Amino acid sequence: MTDEHELVKIRKGKLKKIREQGIDPYALHFRRTHSAATVQECAQKISIGEVLEDLEVAVIGRVITVREHGKSCFAHIRDDSGDVQIYVKSNTVGEKAYGLFKLVDIGDFIGVKGKIFKTRTGENTILVSELSVFSKSLQTLPEKWSGLKDVELKYRRRYVDLIANKDIKPLFKLRSRIISSMRRFLEEKDFLEVETPMMQQIPGGAMAKPFVTHHNTLDMDLYLRIAPELFLKRLIVGGFEKIYEINRNFRNEGISTRHNPEFTMLELYQAFITYEDLMQLTEEMFCVIAEECLGKTSFEYQGHTINLKEWKRLSFVEAIKKYAKIDLESISDKELKNSAKELVPEIRKMNSFREIVDAIFKKVVIPNLIDPTFIIDYPERMCPLAKKKRDNKNLTERFQPYICAIELGSAYSELNDPMEQKDRFLDQIKDRKMGDDEAHLMDEDFITALEYGMPPTAGLGIGIDRLVMLFTNSSSIRDVILFPQLKPQK
RNA sequence: GGGUCGUUAGCUCAACUAGGCAGAGCAGCGGACUCUUAAUCCGUUGGUUGUGGGUUCGAUUCCCUCACGGCCUACCA
């Protein structure tokens, strides 16, 4: 499309010269014996100036720095395990190989064979006796000292970000460890991992706008799921007692530092327990993950100290009373709307009770929820899938965990009365008619499933990206998602 | 969606306040150098200043449009 950059042309010229020597720089004809890290381990027993005589290592990695000295050269190569220095000397590696090395740029993959020694300054180094070139890099890497700073480029070209900025890979390795730690925790408690549809005919299980797609052969619209909830509950009806799913949800809403259109969620369901039990499980799970992944249960997030062993509990109604000075138990819908207008000016366009209360909660309450807190017992009209409290039919047995004003998930004792569930769906349809286009849709088959009988069950959802943000002290969800959603460039 | 700030060489940044030849470091290229590590030393290439308009003798700089992005905010987890 545009003219090729001069720097690319130069590198292609070198590539051509390598090929002229009969070398295919994109083929692998090398067997490595050591990683950068194991070379460092092997070198522990030698002292300065000493050579590890009885061991020849073969290492392959990306060249990241070069320091030339006439007919010899120091460089660092990097693999997944770390970095190691190499020393290429003309009279050790031979004139021809040294000539080949002159065609190597920062960014190329090279393979080296040689013995390990310790330099005058004490750095473990491979004295190269054989050298081969693999995967010539045609693009120049970012500046070695500052790395890649441009946030747009970091997200668009995460692969460059991973190469150029040393702290990126450990962060995503930690993300992976968090998820596997979560799986291990659940497996040890005999939860079964299941997979349910990502493409659904009726998007349910949450309040959100879905993405629509179309199946050509069936000639029907399908929705990318906003939650797996209704399918997981069908499996509880089917007789599974402890199940979970870790996978992507898709919500067609705004993008922010806490929202990506596709995000990873844990949802788990267990029969014969209540939301009370799930609060305990949540605490335990967060502590176990933190212990395993960070080695501690207390850590810093954006200037706040978090202690995962100490959770507060505050009821939704109390929270509104405390921070918004509104008593939801005695106020009429009309009065509520008027009070809300003062607190949240943009409330005007909202009509449903759920939207209004939600807006007040988010604006006035959430910013205060810094210490680990379970907000519990939400008004019934906000939770169409949750079971009512035994002693107060206006409330539901629901909780949401908050840390540093981040909503980390949602859980409740599941509503398992099919007729009540149907009525709640009908109420949602009324809200929808009032303009709440996130109100829940009717799902007849789900009602049918409940009619077969779902045991008393509690379910929990945890936003994994947000959990990872917390554990990695990241201020934006984009920093914990490898390829966050961006508009196309230009 | 609204507000606000930003976009200058492959990368990291100057120059803009008050309009006057667009600079540096790294990377690259040529040269010197066989224990360096931000190697050093000498020389050197590289720019439609995000896009399109406007004001002006003259615009990276002032004004407007659009694109993309950051942050705040709204919807949501």
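Given the structure is predicted, the values throughout are model-derived calculations rather than measurements. First the proteins, then the strands, lettered A, B, ... as listed; each starts at 1.
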Using a 4.0 Å heavy-atom cut-off, does A:Asp358 contact any base of the nucleic acid, only the sugar-phosphate backbone, or nothing at all? sugar-phosphate
Here the residues of residues 365-379 of chain A within 4.0 Å heavy-atom distance, strictly under, of RNA chain B are none
Heavy atoms under 4.0 Å, any strand shown: does A:Glu253 hit a base, just sugar-phosphate, or nothing? base
Rounding to an integer number of angstrom, what distance separates B:rA15 and B:rC75 when you compare their P atoms? 40 Å
Which of residues 126-136 of chain A have a heavy atom under 4.0 Å from RNA chain B? none
Ignoring hydrogens and angles, write down the donor-acceptor pairs under 3.5 Å from the side chains of residues 165-172 of chain A, residues two or more places apart or on other chains.
| unit_1 | atom_1 | unit_2 | atom_2 | d |
| --- | --- | --- | --- | --- |
| A:Asn165 | OD1 | A:Leu148 | N | 3.0 |
| A:Asn165 | ND2 | A:Leu148 | O | 2.8 |
| A:Asn165 | ND2 | A:Asp161 | OD1 | 2.7 |
| A:Lys166 | NZ | A:Asp83 | OD2 | 3.2 |
| A:Lys169 | NZ | A:Asp80 | OD1 | 2.7 |

Does A:Phe446 reach the side chain of A:Lys233, with side-chain heavy atoms less than 4.5 Å apart? yes
Can you confirm whether A:Arg158 is buried at CZ, in the sense that more than 12 heavy atoms of other residues, nucleotides or ligands lie under 6.0 Å from that atom? yes
Counting distance only, does the side-chain N/O of A:Gln400 pair as donor-acceptor with the main-chain N or O of A:Ile375 below 3.5 Å? no
Only pairs with both distances under 3.5 Å count, Watson-Crick or wobble alike; so what is the partner of B:rU55 in this structure? none
Shorter than 3.5 Å, N or O on both sides, protein versus nucleotides 32-35 of chain B: list them out with atom names.
| unit_1 | atom_1 | unit_2 | atom_2 | d |
| --- | --- | --- | --- | --- |
| B:rC33 | N3 | A:Gly70 | N | 2.8 |
| B:rC33 | N4 | A:Gly70 | N | 3.2 |
| B:rU34 | O4' | A:His69 | O | 3.4 |
| B:rU34 | O4' | A:Ser72 | OG | 3.1 |
| B:rU34 | O4 | A:Asn91 | ND2 | 3.3 |
| B:rC35 | O2' | A:Arg120 | NE | 2.7 |
| B:rC35 | O2' | A:Arg120 | NH1 | 3.3 |
| B:rC35 | O2' | A:Arg120 | NH2 | 2.4 |
| B:rC35 | O2 | A:Arg120 | N | 2.7 |

Residue set satisfying side chain to side chain contact (heavy atoms under 4.5 Å, CB included) with A:Ser81, at least two apart, ordered chain then number -> A:Ser35, A:Ala36, A:Ala37, A:Asp79
Using a heavy-atom cut-off of under 4.0 Å over every strand shown, decide if A:Ile226 touches base, sugar-phosphate, or nothing. nothing
Once you round it to whole Å, what is the distance between P of B:rC71 and CD1 of A:Ile477? 12 Å
Checking A:Tyr244 now: which residues fulfil ring pair (Phe, Tyr, Trp, His ring centres under 6.0 Å) with it, not counting sequence neighbours? none
Quick one: label A:Asn260 by what it contacts on the DNA or RNA (base, sugar-phosphate, nothing), any heavy atom closer than 4.0 Å. base
By nearest-nucleotide position on RNA chain B, the 5'-leaning member of A:Gly409 and A:Ser476 is A:Ser476
Not counting sequence neighbours, which residues clear side chain to side chain contact (heavy atoms under 4.5 Å, CB included) with A:Phe374? List them please. A:Met279, A:Thr282, A:Glu283, A:Trp311, A:Arg313, A:Ile376, A:Phe399, A:Pro401
Report the base-pairing partner of B:rG1 (Watson-Crick or G-U wobble, both distances below 3.5 angstrom), or none. B:rU73
Roughly, in whole Å, what's the span from CZ in A:Phe101 to P in B:rU36? 17 Å
Paired to B:rU36 by Watson-Crick or G-U wobble criteria (both distances under 3.5 Å) is none
Specify the separation, in whole Å, of atom CG of A:Leu138 and atom C1' of B:rA27. 15 Å
B:rC63 and B:rU7: how far apart are their P atoms, nearest whole angstrom? 14 Å
Using a cut-off of less than 4.0 Å, is there contact between a side-chain N or O of A:Arg67 and OP1 or OP2 of B:rA38? no
Considering only side-chain heavy atoms of A:Thr257, which listed nucleotide, B:rC72, B:rC75, B:rU36, is closest? B:rC72
For B:rA22 versus B:rA9, give the span between their P atoms, rounded off to a whole number of Å. 15 Å
A:Met198 CE: over 12 foreign heavy atoms closer than 6.0 Å: yes
Is B:rG28 paired to anything, Watson-Crick or G-U wobble with both distances less than 3.5 Å, and if yes, which nucleotide? B:rU44
Classify A:Met265 by what it touches in the nucleic acid, base, sugar-phosphate, or nothing, heavy-atom distance under 4.0 Å. nothing
Which salt bridge (Lys or Arg N to Asp or Glu O under 4.0 Å) pairs, counting each pair once, include a residue from residues 249-263 of chain A, with sequence neighbours left out? A:Arg248-A:Glu262
Who pairs with A:Lys136 by side chain to side chain contact (heavy atoms under 4.5 Å, CB included), at least two apart in sequence or on another chain? A:Lys14, A:Leu15, A:Ile18, A:Tyr26, A:Asp105, A:Asp108, A:Leu138
Quick one: is A:Arg258 getting a side-chain N or O under 4.0 Å of the B:rC71 phosphate, OP1 or OP2? no
For a quick check of understanding: with a heavy-atom distance under 4.0 Å over all strands, which category does A:Arg157 fall into, base, sugar-phosphate or nothing? nothing
Check whether NZ of the Lys or CZ of the Arg A:Arg398 lies under 6.0 Å from the centre of the six-membered ring of A:Tyr378 and within 45 degrees of that ring's axis. yes
Strictly below 4.0 Å: does A:Lys144 bring a side-chain N or O up to OP1 or OP2 of B:rA27? yes
Say you pick atom C1' in B:rC41 and the same atom in B:rG46; how far apart are they, in whole Å? 22 Å
Counting only N and O atoms by type, is there a donor-acceptor contact under 3.5 Å from the side chain of A:Ser413 to the main-chain atoms of A:Tyr275? yes
Using atom C1' of each nucleotide, how far apart are B:rA38 and B:rG2 to the nearest Å? 45 Å
Which residue lies more 5' along RNA chain B, comparing A:Thr65 with A:Val104 via nearest heavy atoms: A:Val104
More than 12 non-hydrogen atoms from neighbouring residues, nucleotides or ligands closer than 6.0 Å to CD on A:Glu195, yes or no? no
Aromatic rings A:Phe211 and A:Phe250: how do their planes relate, parallel, tilted or perpendicular, breaks at 30° and 60°? perpendicular
For a quick check of understanding: with a heavy-atom distance under 4.0 Å over all strands, which category does A:Lys154 fall into, base, sugar-phosphate or nothing? nothing
Taking the P atom in each of B:rA18 and B:rG6, what is the distance between them to the nearest angstrom? 15 Å
Between the protein and nucleotides 8-12 of chain B, which nitrogen or oxygen pairs are less than 3.5 angstrom apart?
| unit_1 | atom_1 | unit_2 | atom_2 | d |
| --- | --- | --- | --- | --- |
| B:rG10 | OP1 | A:His5 | NE2 | 2.5 |
| B:rG10 | O2' | A:Thr140 | OG1 | 3.4 |
| B:rC11 | O2' | A:Glu143 | N | 3.1 |
| B:rC11 | O2' | A:Gly147 | O | 3.3 |
| B:rU12 | OP1 | A:Lys149 | N | 3.0 |
| B:rU12 | OP1 | A:Asp150 | N | 2.9 |
| B:rU12 | O2' | A:Ser146 | OG | 3.3 |

All N/O pairs under 3.5 Å across the protein-nucleotides 1-6 of chain B interface:
none

Report the base-pairing partner of B:rU7 (Watson-Crick or G-U wobble, both distances below 3.5 angstrom), or none. B:rA67
Set of residues satisfying side chain to side chain contact (heavy atoms under 4.5 Å, CB included) with respect to A:Ser90, sequence neighbours excluded: A:Lys71, A:Glu95, A:Tyr98
Atom P, compared across B:rG10 and B:rC72: separation rounded to whole Å: 31 Å
I'd like the P distance from B:rC11 over to B:rG28, given in whole Å. 15 Å
